[in-house]
Enquirer: 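Encoded as C-alpha cells, here's the structure I'll be asking about.
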Amino acid sequence: MTLYNLIVIGYEDESWFENGVVEIATTRFLEYTKESVIEKFKDNIEVIYGYPCLIMKEGKNPDIYLCRISTVALNGRYYEIKFKIFNNNCFKYSDIESLVDKLDIRQQEITRTHWALKEGSLNDLLKYSESNLPGNSRKILKDYLDSFVQRIHIKEHLFSSFGVLSARLTIHNNTENIESVTDFIQKIFSKEHNKDFINFYRGHSNSKYKLEPSILRKKENGSFLYLEDENTTYNELLTQNYDEFRGDGSTFDRLVRMQHFSLPTRLLDISTNPLIALYFACKGVEETTGDVISIKVPKDKIKYFDSDTATCIANLCKLKNKDKEILSAGTTEPNFNQTMDKLYDFIKSDKPYFKERIKESSIKEIICIKGKITNLRINAQSGAFLMFGLDAELIDGEEFGFNIIHYLIQDKYKEEIIRELDLLNINESTLFPYLENSAKYISNKFRKI
C-alpha cells in the first residue's frame, strides 16, 4: 500500500507559504482517511515523514503545492507542521479534477482544514495523467517524484512528538475486565472515590465504538456522515415539527428533544447509574466485547441546562459549516469577529441580555450538563449529557479534566449479565418506559420456548 499526505489549510494570508509552517488541530488529523489506512498505519506512525505531501488552501480551485514534511511538533491542541515546498511551483486543483477519484480527494474536504493520509501512488497517477495534466503541471509532478527519496531512517527526535497520535489511535489504556454484575460492582467500589468528582457512565455494545456524539460520526472512508449539514438538519426538524418544540425554552432544550428522537447532535448520553451503562454494554451487538466507560468529572466542570457555556456550544448547531470553519481557525482568521457576531445573535435568541465576551476556548470545550427531566427516558436512565464544542475529541479525558476507565465485557458473559440485571429490575421495560417497550418486554419474558 502506497500513501501520501494531503493537507488542506484555511489561511487567508501567505505567511504559511513564506514560513513553511502550518498548524492543524489534533482532532483533524486523519479526517477523510479510510479506516483501512488508519489500521495499517497506526503501529508505524513515523513513516508519515517518508511519504509525499500535497498542500492546498481551502477553496473552489486552489493552488496545489508539492512538499516534504520536515518535522511535526505538538503545540497545545495543534500540530505544528514544518515543510519544504518543491521548487516553489504549484498546479491548480482544476488540473487534476478528473483524477480526484484516484487521489481519493472528496469534494467536501477541499473546504475543510484537515490533514489526511491517502491511499494511492502519485507515480501511478503521473502515468495515468499523461493526457490529463497540462504539460507544465505534469513536469512539476514528475520532477518532484524523481527527486523524492523515501526517508526510512529517521532520527527519533523528529517523530517523538507523534506520541499523542498513538494515543488517538490506541484506546482503552486504563481498563478492567468484568465477568458478572457482582464483579462489576466490586471493581467500581474498589476505585478511589473523591468527593470533588462525580462519576458518570456510558455503555457501548462494541468496545471499538468511540466516545463521540452522533454528529461527529464518520463513514469507513473517513468522511463525516452528518457534520457538514448540522445547521440544515436542525432547522429542517424544527420547521417540520414546530409544535413539538413549543415548550422548549432554549436551543439546548431543543437539542435534547432532537437527541431523544434520534437526530444527530453534539450531545452524548451518559448516566449516573453504572448498572444502566452495563445493560447497554451487554445489549445489542452480539459476538463483540462490550465496554462500560466510567467518566469521572470534577464537580466544578458540571454545568446545568441554563449555563452560559452550554448556551454557547448549543448554538453552534445554527451556524453554517463555513462559519464553524472560521471560528475553528481562531482569532487570526480575518472574518473571526464577524462570524462571532452571528453566533452572538443566535445566543441572544436564548438569552437576550447575554454579554458579548466569549473566550475562544469556551466553544471548543467538552462539558458535562445536567438537563431538565423533560421525558420519561431521561428520568429512567438517570441521564445527563456530554456536549462537544468545535474540534473537541474525548480520548483519555485528561485535556478536559476527566478521568476515564473502561470496563470490558467479553461476549460470552453478556447474556448472563443481562439476566442478572433483569433480577435487579433493569431491563428494556424500565429503561424505555413506554407502552410499546413494556409490551415487548412482557411478551418476550413469558414466551414459551
Side-chain angles (χ1 to χ4, degrees), residues 10 25-28 31 58 77-78 108 111-114 211-218 224-239 245 248-260 263-270 301 303-333 335-352 354-369 371 384-394 399-400:
T26 57
T27 55
R28 297 196 177 199
E31 283 190 355
E58 294 178 13
R77 294 186 182 183
Y78 293 85
Q108 64 269 34
T111 58
R112 180 175 171 85
T113 297
H114 69 286
L211 268 174
E212 63 184 7
S214 51
I215 198 69
L216 298 181
R217 290 174 187 165
K218 299 174 184 175
F224 287 101
L225 286 164
Y226 311 108
L227 184 61
E228 285 96 346
D229 299 308
E230 182 180 17
N231 69 313
T232 302
T233 54
Y234 173 87
N235 288 319
E236 281 290 322
L237 189 62
L238 194 58
T239 300
F245 298 92
D248 296 324
S250 68
T251 303
F252 174 74
D253 291 341
R254 288 188 283 275
L255 287 177
V256 170
R257 192 176 301 279
M258 291 175 176
Q259 173 88 351
H260 175 70
L263 189 82
T265 73
R266 293 181 174 271
L267 299 176
L268 186 70
D269 296 278
I270 53 178
K301 291 277 188 178
K303 310 291 184 182
Y304 289 90
F305 59 89
D306 59 349
S307 90
D308 286 347
T309 306
T311 303
C312 294
I313 296 177
N315 277 279
L316 291 172
C317 73
K318 299 177 183 177
L319 291 173
K320 294 180 179 179
N321 203 47
K322 182 180 180 181
D323 292 330
K324 285 181 286 191
E325 283 295 290
I326 291 171
L327 294 185
S328 178
T331 54
T332 56
E333 164 62 49
N335 295 317
F336 181 84
N337 290 333
Q338 180 182 349
T339 307
M340 281 300 299
D341 288 340
K342 293 181 183 179
L343 181 59
Y344 286 136
D345 287 343
F346 290 133
I347 292 170
K348 287 180 178 180
S349 67
D350 289 342
K351 296 185 173 182
F354 185 86
K355 293 183 179 180
E356 299 180 1
R357 52 187 186 194
I358 299 175
K359 291 182 180 178
E360 183 186 342
S361 59
S362 296
I363 57 175
K364 297 182 178 181
E365 291 286 333
I366 297 176
I367 59 174
C368 179
I369 306 177
F385 303 96
L386 295 180
M387 185 158 64
F388 287 60
L390 288 177
D391 296 326
E393 185 176 46
L394 191 58
E399 182 178 353
F400 301 99

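Every heavy atom of this structure was used, including side-chain atoms; hydrogens, water molecules and symmetry mates were not. What you see is a predicted model, and the numbers here were worked out from it, not measured in a lab.
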Enquirer: Can you tell me how far apart CZ (F385) and CD1 (I270) are? Round to the nearest 0.5 Å.
Expert: 9.0 Å
Enquirer: Does F245 have more than 12 heavy atoms from other residues, nucleotides or ligands lying within 6.0 Å of its CZ?
Expert: yes
Enquirer: For R266 and S214, what are the C-alpha separation, side-chain angles and deciding distance, and is it a side-chain hydrogen bond (donor to acceptor under 3.5 Å, both in side chains)?
Expert: CA-CA 7 Å; R266 293 181 174 271; S214 51; over 6 Å; no
Enquirer: In Å, rounded to the nearest 0.5 Å, how long is the span from OG1 of T265 to CG of L216?
Expert: 9.5 Å
Enquirer: How long is the straight-line distance from OG1 of T233 back to CG of N231, given to the nearest 0.5 Å?
Expert: 7.5 Å
Enquirer: Does NZ belonging to K322 count more than 12 external heavy atoms closer than 6.0 Å?
Expert: no
Enquirer: Any Lys/Arg nitrogen of E228 or R112 sitting under 4.0 Å from an Asp/Glu carboxylate oxygen of the other?
Expert: no
Enquirer: Can a side-chain donor-acceptor contact be found between Q259 and D269 if the only test is distance below 3.5 angstrom?
Expert: yes
Enquirer: Which distance, rounded to the nearest 0.5 Å, do you find between the CG of L255 and the CG of L263?
Expert: 8.5 Å
Enquirer: Determine yes or no for a side-chain-to-main-chain donor-acceptor pair under 3.5 angstrom, with T239 supplying the side chain and N235 the backbone.
Expert: yes
Enquirer: Rounded to the nearest 0.5 Å, how far does NZ of K324 lie from SG of C317?
Expert: 8.0 Å
Enquirer: Does any donor atom in the side chain of D350 or T311 lie under 3.5 Å from an acceptor atom in the other side chain?
Expert: no
Enquirer: Which atoms form the tightest heavy-atom contact between G389 and L316, and what is the distance?
Expert: CA-CD1, 4.2 Å
Enquirer: One thing to verify: whether D391 and R77 come together as a salt bridge, which I'm taking to mean a side-chain N less than 4.0 angstrom from a carboxylate O.
Expert: no
Enquirer: Please tell me if the side chains of S250 and K351 come closer than 4.5 Å, counting only heavy atoms from C-beta onward.
Expert: no
Enquirer: Quick check on side-chain contact (heavy atoms from CB on, under 4.5 Å): which of T111, T113, L319, T339 does E325 satisfy it with?
Expert: T113
Enquirer: Assess whether a salt bridge exists between K348 and E356, defined as any Lys/Arg side-chain N lying under 4.0 Å from an Asp/Glu carboxylate O.
Expert: yes
